[in-house]
Participant: 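Sharing a structure below in structure tokens format, with a few things to ask.
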Amino acid sequence: MNKRIFFIIIFLFSHHLYAQNLVPNPSFETYDECPYDMTLYPKKKLIPHWYMPNKGTSDYFNSCTNLQVSVPANFIGNLWAFDGEAYAGIVLLEVHVEDTTDKKDLNYREYLQAELTQPLVKDQLYLVKMHYALATYSTYAVNRLGIYFSEEKIKNKRTYQHLKYVPQVGIAEDTVFTETDTWYEFVDTLKAAGNENYLTLGNFYPDKQTVFNPLDINSFNAPLQERIRENGIAYYYIDMVSVEPLFVMEPEE
């Protein structure tokens, strides 16, 4: 094995002792006020350091409330936070069974965006991690969840549709996890182009390029099953997002 590769592998297991997470408020613990409802109208800011770049209405959940955006029990599921007492939630797809083929795809998307604490360095390797979970009452599971890094803030406040960018990292296209209420960890490495200041996470692909599988909801009562079908969404919780530089230790001669 090449010595340089060997030391990179070793560092993947030990870097947490030294690396700094460049994502501010990474597990959504800091908030301006305790949430009392789902996000009903488009707005710019969700909580400190986290923004919504399109007209999609991403949600914030916290155990400080006992209302429908509480943790663990809330309007879309029942799950404890992966880290701390809070997490965010986004819609990655909305498709209704009554839609006919001659109708245009909705392409409705929700995103989360944050400014990094410092820009990425050209050709530096970064370890990118994100924890995500499929909500209990989600209608579908999808194969599209990625992170796009950009020098400038990206946004389109004129539409709720998908942002047309190609994420540098994301879950494998051939993977559709259908187990709800389970925190999955996405991990990948990114070689920076240089000067990336922002990360935006969500589904950047149109409906036609998104695989979506209906979930088994037979264990729920009939009214709840009907509600889930009517929602027609793929809803995911997001927690603990991190971007950390990987410092390669050169072996001594």
Side-chain angles (χ1 to χ4, degrees), residues 26-28 35 38-39 46 50 52 56-63 68-97 105-112 128-148 160 162 167 169-188 200-207 209-221 223-242:
S27 61
F28 310 101
M38 66 181 74
T39 305
L46 183 64
W50 288 98
M52 294 175 280
T57 53
S58 309
D59 300 301
Y60 179 57
F61 303 86
N62 195 302
S63 64
Q68 61 178 348
V69 285
S70 183
V71 173
N74 48 68
F75 74 91
I76 197 67
N78 193 316
L79 182 64
W80 291 101
F82 174 82
D83 179 81
E85 303 294 331
Y87 46 73
I90 56 177
V91 172
L92 299 184
L93 179 93
E94 182 175 356
V95 174
H96 298 282
V97 293
D105 292 334
L106 286 174
N107 291 319
Y108 177 83
R109 301 289 183 270
E110 295 175 358
Y111 296 91
L112 295 167
V128 181
K129 295 198 295 184
M130 166 178 57
H131 294 83
Y132 64 97
L134 183 59
T136 318
Y137 310 136
S138 180
T139 318
Y140 308 107
V142 299
N143 70 329
R144 298 290 196 182
L145 175 58
I147 303 177
Y148 178 70
Y160 55 75
H162 71 287
V169 295
I171 62 176
E173 294 180 22
D174 59 352
T175 301
V176 182
F177 295 117
T178 58
E179 183 177 355
T180 61
D181 308 324
T182 298
W183 286 110
Y184 295 99
E185 182 182 52
F186 164 79
V187 182
D188 202 353
T200 306
L201 63 89
N203 178 7
F204 294 86
Y205 296 89
D207 293 352
Q209 296 179 24
T210 301
V211 174
F212 55 98
N213 293 341
L215 299 181
D216 182 2
I217 58 176
N218 290 325
S219 61
F220 300 129
N221 60 47
L224 183 53
Q225 289 185 37
E226 183 62 23
R227 190 187 106 192
I228 292 172
R229 293 191 189 97
E230 289 178 353
N231 285 341
I233 58 175
Y235 197 98
Y236 284 69
Y237 299 130
I238 306 294
D239 201 358
M240 185 46 76
V241 183
S242 65

Participant: If I take atom CG from residue L106 and atom NE2 from residue H162, how far apart are they, to the nearest 0.5 angstrom?
Facilitator: 12.5 Å
Participant: Can you find a pair of side-chain heavy atoms, one from L134 and one from Y236, that are under 4.5 Å apart?
Facilitator: yes
Participant: Checking side chain to side chain contact (heavy atoms under 4.5 Å, CB included) for the pair T57/E110: CA distance, chi angles, key distance, verdict?
Facilitator: CA-CA 6 Å; T57 53; E110 295 175 358; 3.4 Å; yes
Participant: Does T210 have any side-chain contact (heavy atoms from CB on, under 4.5 Å) partners at least two apart in sequence or in another chain, and if so, which?
Facilitator: L93, R109, V142, N143, R144, N203, Y205
Participant: Does one side chain, of Y237 or D239, offer a donor that lies under 3.5 Å from an acceptor on the other?
Facilitator: no
Participant: Taking the side chain as everything from C-beta on, heavy atoms only, tell me whether L145 gets closer than 4.5 Å to M130.
Facilitator: yes
Participant: Apply side chain to side chain contact (heavy atoms under 4.5 Å, CB included) to the pair F220 and T136, showing each step before the final yes or no.
Facilitator: CA-CA 10 Å; F220 300 129; T136 318; 3.9 Å; yes
Participant: Is the closest side-chain heavy-atom distance between I233 and I76 below 4.5 Å?
Facilitator: yes
Participant: Decide yes or no for I147 and P167: does some side-chain heavy atom of the first lie under 4.5 Å from some side-chain heavy atom of the second?
Facilitator: no
Participant: How long is the span from the CD1 atom in I90 to the OH atom in Y235, to the nearest 0.5 Å?
Facilitator: 8.5 Å
Participant: Rounded to the nearest 0.5 Å, how far does CG of N74 lie from CG of N62?
Facilitator: 11.0 Å
Participant: Which distance, rounded to the nearest 0.5 Å, do you find between the OH of Y137 and the CD1 of I217?
Facilitator: 12.0 Å
Participant: Is it the case that over 12 heavy atoms from other parts of the model lie below 6.0 angstrom from the CH2 atom of W183?
Facilitator: yes
Participant: Give me the atom names and distance for the closest heavy-atom approach of A86 to V71.
Facilitator: CA-CG2, 4.5 Å
Participant: Taking C-beta and beyond as the side chain, do T180 and S138 meet within less than 4.5 Å on heavy atoms?
Facilitator: no
Participant: Of the non-hydrogen atoms in L215 and A141, which two are nearest, and what is the gap between them?
Facilitator: CD2-CB, 3.8 Å
Participant: Hey, could you give me the OH/CZ distance between Y184 and F177, rounded to the nearest 0.5 Å?
Facilitator: 6.0 Å
Participant: Show the nearest heavy-atom pair for residues E85 and S63, with the distance to one decimal.
Facilitator: OE1-OG, 2.8 Å
Participant: How far does CG of L92 sit from OH of Y108, to the nearest 0.5 angstrom?
Facilitator: 11.0 Å
Participant: What heavy-atom pair brings G84 and A81 nearest, and what distance separates the two atoms?
Facilitator: O-CB, 3.5 Å
Participant: What about F61 and F28, are their ring centers closer than 6.0 Å?
Facilitator: no
Participant: Tell me, do K129 and M240 make a side-chain contact under 4.5 Å, heavy atoms counted?
Facilitator: no
Participant: Do you know the tightest heavy-atom contact between A88 and L46?
Facilitator: CB-CD2, 4.4 Å
Participant: Name all residues meeting the side-chain hydrogen bond (donor to acceptor under 3.5 Å, both in side chains) criterion together with E226; count only those two or more places apart in sequence or in a different chain, and write none if there are none.
Facilitator: none
Participant: Quick check on the 6.0 Å ring-centre criterion: do Y87 and Y132 meet it?
Facilitator: no
